[in-house]
Amino acid sequence: MLRRQDVGHRVVVRRIVGISEDRPLFTDALGELVDLTETELTLATAHGTLRVPLQEVHRAKRVPATRRPRAADVIALELASHEGWPAPVQARLGDWVLRAAQNWTGRANSALTVGDPDRPLEAAIDAVLDWYARHGQQALINAPMPLAAPVNAALDARGWTSRALTLVQTAPLARVLTTAAERPDLPGVELADTPNDDWFAMVAEHKGTLPEAAVRVLTGVPETVFAQVRDADGELLAVARGTITGPERWHGIALLQVAPQARRQGMAQHVVRAMAGWAAQRGASRAYLQVEERNTGAVALYQRLGFDTHHTYLTREAPV
């Protein structure tokens, strides 16, 4: 049977779906284990999210990933992502990075557990707890999967909980530029080096009030573009933020938001394409983004744009 440390891994589940002639009928489901509770398990399958009551599970086991990325590639992408979302307060624990940003977003307020913490795992977790306690925050750990499987197992034993599974997705910029058709019928995308008050206001509608630390996160990357689209009356229709970070010059896409009246018109693809062009002109060749697995609408959009899941991560919360 599956355990909490299997969350984030590819599994196969055989479930009972009925009875025929006094014999059970089975069906198999293959996907990534998103959640496991005392009563059910949740899979992200090729056909969507599937929730299975444990009483229906006949057999379940972990199976090898179809395209597991190299550990070095996961680390490189996680570090590029870290550079693209820079917390104003940081400290090192060996290779691990401890981050704080006034509790604005999990990414900027969690310990990134890639590499060697330069001490035994249990001692490293204790050090994370102490550091966040000194900063007056609940300890969070960002655990990329399956790279950080030992970390997740240790946190399970300590009673840490998990936030929703996050997909780290990537795509060649050439594919994005080809897939996202030009839309001359839509207002042009404005690309600026600095955000204006309207841009911040639209982001705050989705991310909550922006403390000083949030502004430092958003403006702290040397190569950043702030995209926005306005209608003929000057009303803001869409925003997004793009960055270029890491030795491989990854283009990071974040905070893509479209006003309700402008949705289902191709606006999101319109903005992503404009930022991809900006990044390609500056020597980037690949893009990445982070999206919660349960945000099925966004996942479908990015799939249409050519994004595939590179790896996943769990944000783990210390017991309060």
Side-chain angles (χ1 to χ4, degrees), residues 8-10 31-34 44-46 64-86 97 105-108 110 112-115 142-149 164-181 221 223-225 227 240-257 268-315:
H9 290 269
R10 194 163 177 257
E32 190 168 82
L33 184 63
V34 174
T45 75
T66 53
R67 292 183 301 164
R68 175 173 294 183
R70 297 185 308 133
D73 293 335
V74 173
I75 292 173
L77 181 50
E78 283 293 329
L79 291 177
S81 172
H82 162 68
E83 291 179 26
W85 204 257
V97 187
T105 74
R107 262 188 290 170
S110 58
L112 178 59
T113 57
V114 296
N142 180 315
M145 296 296 292
L147 184 68
L165 184 73
T166 298
L167 312 179
V168 180
Q169 300 196 312
T170 63
L173 281 179
R175 183 193 301 169
V176 176
L177 289 166
T178 300
T179 305
V221 180
E223 291 187 86
T224 306
V225 68
R241 174 181 177 268
T243 55
I244 298 177
T245 56
E248 297 183 0
R249 296 189 62 75
W250 281 97
H251 170 46
I253 299 169
L255 300 173
L256 177 61
Q257 296 174 58
Q269 294 191 39
H270 186 49
V271 173
V272 170
R273 190 181 196 282
M275 292 201 307
W278 169 87
Q281 290 176 359
R282 285 156 179 78
S285 62
R286 294 187 64 81
Y288 75 89
L289 54 86
Q290 298 171 333
V291 58
E292 287 189 358
E293 180 274 338
R294 63 187 178 184
N295 188 350
T296 54
V299 172
L301 165 67
Y302 298 133
Q303 185 177 34
R304 292 194 297 271
L305 288 170
F307 283 86
D308 298 311
T309 297
H310 183 270
H311 65 278
T312 64
Y313 72 77
L314 288 168
T315 299

Indicate the atoms forming the closest heavy-atom contact of Thr170 with His310, along with that distance.
CG2-CB, 3.8 Å
Could you tell me whether Arg249 atom CZ has more than 12 heavy atoms of other residues or ligands within 6.0 Å of it?
yes
Do Arg286 and Leu77 have side chains that get closer than 4.5 Å, going by heavy atoms?
no
Might you point out which heavy atoms bring Ile244 and Ala284 nearest each other, and give the distance in Å?
CD1-CB, 4.4 Å
Rounded distance (nearest 0.5 Å) linking atom CD1 of Ile253 with atom CD of Gln290
11.5 Å
Is the closest side-chain heavy-atom distance between Trp250 and Glu83 below 4.5 Å?
no
Judged by atom type as modelled, is there a donor-acceptor pair below 3.5 Å linking the side chain of His251 to the main-chain atoms of Ser285?
no
Distance-only, no hydrogens or angles: does the Thr178 side chain make a donor-acceptor pair with backbone N or O of Ala174 under 3.5 Å?
yes
Under 3.5 Å side-chain donor-acceptor pair for Thr309 and Gln169:
yes
Distance-only criterion, 3.5 Å: show the donor-acceptor pairs between side-chain atoms of residues 268-276 and protein atoms not counting sequence neighbours.
| unit_1 | atom_1 | unit_2 | atom_2 | d |
| --- | --- | --- | --- | --- |
| His270 | NE2 | Pro187 | O | 2.8 |
| Arg273 | NE | Leu177 | O | 3.4 |
| Arg273 | NE | Ala180 | O | 2.6 |
| Arg273 | NH2 | Leu177 | O | 3.4 |

Looking at every non-hydrogen atom in both residues, tell me the closest pair between Val74 and Pro69 and how far apart they are.
CG2-CG, 3.6 Å
Would a 4.5 Å heavy-atom cut-off, applied to side chains only, mark Thr245 and Tyr288 as touching?
yes
What's the verdict on side chain to side chain contact (heavy atoms under 4.5 Å, CB included) for Leu147 and Val114, showing C-alpha distance, side-chain angles and the deciding distance?
CA-CA 8 Å; Leu147 184 68; Val114 296; 4.1 Å; yes
Separation between CZ (Arg175) and CG (Leu305), nearest 0.5 Å, reads 10.5 Å
Do Phe307 and Val176 have side chains that get closer than 4.5 Å, going by heavy atoms?
yes
Are any non-hydrogen side-chain atoms of Thr224 and Arg241 less than 4.5 angstrom apart?
yes
Minimum heavy-atom separation for Gly306 and Ala171, please, with both atom names.
O-CB, 3.4 Å
Compare every heavy atom of Gly246 with every heavy atom of Ala80, then report the nearest pair and how far apart it is.
CB-CA, 4.2 Å
Between Pro86 and Gly84, the two heavy atoms sitting closest are CD-C, 3.5 Å
Reported NE2-to-OG1 distance for the pair His311 and Thr166, which is rounded to 0.5 angstrom:
10.0 Å
Got Leu33 and Leu165 here, is their nearest side-chain heavy-atom distance under 4.5 Å?
no
Within the structure provided, determine whether Arg282 and Val225 are in side-chain contact (heavy-atom separation under 4.5 Å).
no
How long is the straight-line distance from CG of Leu256 back to CG of Leu289, given to the nearest 0.5 Å?
9.0 Å
